[in-house]
2 protein chains.
Amino acid sequence: MPPRPPRRDDPVRQRSLRDHNLALVLRHVTAANRPPSRAEIAAASGLTRATVSTIVDELIAGGLVAELEPVSRSGVGRPGTGIVPAGTGPAGLGMEVNVDYLAVCAVDLTGAVRHRQVRRLDQREHRPAQTWQALAELADQAVGAVTALGLTPAGGVIAVPGLVEGDTIRIAPNLGWQQVALPRPADLGGLRDLPLDVANEATLAALGERHATGLRSFLYVSGEIGIGGGIVLDGELFGGSHGWAGEIGHVTIDPQGPDCHCGSRGCLEQYAGEEAIRAAAGLPAGAAVLADLVGGARAGRGPVLDALDHAGTALGVALSGAVNLLDIGTVVLGGHYAELIDWLRPAIERELSRRVITARWSPAKVRASALGSDAALVGAARAVTQAILDDPARFLATRAAPAA
Amino acid sequence: MPPRPPRRDDPVRQRSLRDHNLALVLRHVTAANRPPSRAEIAAASGLTRATVSTIVDELIAGGLVAELEPVSRSGVGRPGTGIVPAGTGPAGLGMEVNVDYLAVCAVDLTGAVRHRQVRRLDQREHRPAQTWQALAELADQAVGAVTALGLTPAGGVIAVPGLVEGDTIRIAPNLGWQQVALPRPADLGGLRDLPLDVANEATLAALGERHATGLRSFLYVSGEIGIGGGIVLDGELFGGSHGWAGEIGHVTIDPQGPDCHCGSRGCLEQYAGEEAIRAAAGLPAGAAVLADLVGGARAGRGPVLDALDHAGTALGVALSGAVNLLDIGTVVLGGHYAELIDWLRPAIERELSRRVITARWSPAKVRASALGSDAALVGAARAVTQAILDDPARFLATRAAPAA
DNA sequence: TCTTGTTTGTTCAGCCATTGAACTTATAGG
DNA sequence: CCTATAAGTTCAATGGCTGAACAAACAAGA
């Protein structure tokens, strides 16, 4: 899923220069909390006003940004015209296949969610082809809705709870999928002509969190039926050699621990996965495990509190290892963990302070996900727009070619 | 210790362009296994011959590269003049403070070690100031030797077995140091005018391995008295938020395991540190533990083999966690581990294949360090030259300023 | 020895992106 | 109405890369 390879060993020509500054200016426009004027962009970016002007012209011509109506602004001097991401600009489509629901959303260049739809559907009862078809229907509607808003769909990313390599889902245990290929564009209706990608759900959720929170480096851990994770380093998603980084769910907690379905034993999932917590809390198996846990914990029931403390301890052990290894300052808890954080945090922080060797100088922070259960969905959509923000020149080139 | 911050949010001017290509050409010169001609550099880098010519001229003027005597080369056509790293170019000084020795070495731009000296000295019996003084003497001699070779010392990096933040050694357990500051330049004799840095020993060793092996991504684990680690991702050293990444020695193997001097329990060091292996093997405490272990293993002694298998198992558990988290393809064993690899590897690989969730598609490789016990020393020296290779323009600027 | 073909390295006009300064435009305040 | 101030544009100058032409250096064959 790597959308932009910034090649250190490439020669640099004049054009690359412009490409870089194009991205620089666009970033300033989308990141600012108030529509900046050309002069403000120049001051903030370090470029001259002359350069910013020509670059903004190019971005306007490409439909990526637009001028605001000259609104009177306070202060003396000629008022600047605000530059905003174009209302008719590209939109990123995020799609999510999860155990018991499908979801689609669309974000614009600012990252705002412009469309969102969720459909309950148990994938375990269906074959992948049926899932793809249902997803294509949702996506079709999203394309329609987005187009009605004046946006142009620019690509889509599908979030899947499993290991993805290239365009193939190697394995998605909780869906019961193995070696499933991405659907052919022809089978995807309105997505036919759009670049499409699949990626791991937790990885994309980390990407979503990165943008929602502005955090530069953190470890994202999502606890649902399985436990997933994603790593963001210095603002960039870290994928590892194959894009499989972040699999914290199968880090060993106790080498002699209980067998895990992955073939190993003592994995974190056996201590802090939904099923493990439920069983330890003495709750019945069923659909509303999370609600039962939250309810039980709020009511102060001993078995539930103990189960969450145990899970938190195991999480803390695994996270300590990760922090020791990566020297990362923040841990973000997502998925169900976000709602359980009040009861998990004490144990997690206790283990972190004990087991992280640098904890006394720089303790890691533990916080709940800002996007909650939408993180992966929004992250998938943002992966598309992020690729455009990171390399607008490429986007403009592909836009210009079909038009000509 | 980050010598070159490649800033994504900086504006790019014409000069940055030249800076980038300067580095690009210099990399080609130092990385080639045969002195390349300007034309070959052009072909390999993608720049035109004209551009390469002017860039090479600039590098020659700056004393970073030199033309070879026109040696007759096979083939038709005008023979090219080989470009080589300048024999009188800058040299990087690497220094190492370890428990029972001090060492200094110097490398040139090609990475070749041009000087090396080790002095047995037990730091535990001395105060830091005495260590710095002894190190300064060694460094003085190195500066002299290097200067005699026609090289110009360009900076130094000190490798220390402990946690370093900025110019302060937070803690170096095996040296018994805490909150030790880098010596003032004035106290360093011949190093007076050189930029000086300290960094973690294992981190620098990883850097050394990166250059010696050409591996792009790997996890380096060094087992000596303590266990250190370093992470290289896509050719770049990964330091984490504070430069403390790679502390695999205190990853938890068993949450209920034996107490560790770090305040935690069940740390890897308690299973695979030198002392733990020695005790498990039933060997006497003393200076020659490594030799005893190798001897015992070669002789096929049961307790030694068992001890190494146990250590390998623990290492395998910790490495599995790291590989799950980082999706990294290669593990490099350094320090004493390099010599014990034959007896550690089976257990390590057994655990990796069991515990790494992606092992069946892409098993991680385990290999021994290429530099052995010199890795940190050489890595420290290369950190200096690497900074020059990565940003020759800055080096040329600082060179030109005092000259003018 | 001379010629031809091949490859290297240099020169130079042209191009492209940024700069800096001058200039125009638009506002507030007196 | 005038002045001060800030935004945005225009334009010559600058720096760096390109491409093509050219000179230099060599091998091979006549």
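Within every chain, numbering begins at 1; the chains are lettered A, B, ... in the order of the sequence lines, protein sequences first and strands thereafter. If you're wondering where the values come from, they're calculated on a predicted model, not measured in any experiment.
A distance of 6.5 Å separates OG of S16(B) from CG of L17(A), quoted to the nearest 0.5 Å. Summarising the geometry, atom CD belonging to E236(A) is positioned 8.0 Å from atom CD belonging to Q386(A); distances are rounded to the nearest 0.5 Å.
Residue Q14(B) places no side-chain atom within donor-acceptor reach of the base of dG16(D), judged by atom type and a 3.5 Å distance cut-off alone.
Among residues two or more places apart in sequence or in another chain, the salt bridge (Lys or Arg N to Asp or Glu O under 4.0 Å) test is passed with D234(B) by R216(B).
OP1 or OP2 of dC17(D) has not a single side-chain nitrogen or oxygen of T48(B) nearer than 4.0 Å. Side-chain nitrogen and oxygen atoms of R18(B) include none within less than 4.0 Å of the OP1 or OP2 phosphate oxygen of dG15(D). Distances shorter than 4.0 Å separate none of the side-chain N or O atoms of R13(A) from OP1 or OP2 on dC16(C). Of the side-chain N and O atoms in R15(A), one or more sit less than 4.0 angstrom from OP1 or OP2 of dA17(C). Close to dC17(D), at under 4.0 Å from its OP1 or OP2, lies a side-chain N or O of N21(B).
In summary, the side chains of T81(A) and R38(A) do present a donor paired with an acceptor at a separation below 3.5 Å, with no hydrogens or angles considered.
Across the protein-nucleic acid pair, D19(A) atom CG and dC16(C) atom C1' stand 12 Å apart, rounded to whole Å. Remark: P of dA17(C) and CG of L24(A) are 16 Å apart, rounded to the nearest angstrom. Distance L17(B) CG to dC16(C) P: 15 Å, rounded to the nearest Å.
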Inset, instruction - Indicate for each nucleotide in nucleotides 2-12 of chain C, in 5' to 3' sequence, whether protein heavy atoms under 4.0 Å reach the base (B), only the sugar-phosphate (S), or nothing (-). - result: ---BBBBBBB-

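A pairwise comparison of heavy atoms in L207(A) and G379(A) identifies CD2-O, 3.7 Å as the closest pair. Nearest heavy atoms, L204(A) versus A380(A): CD1-CB, 3.8 Å.
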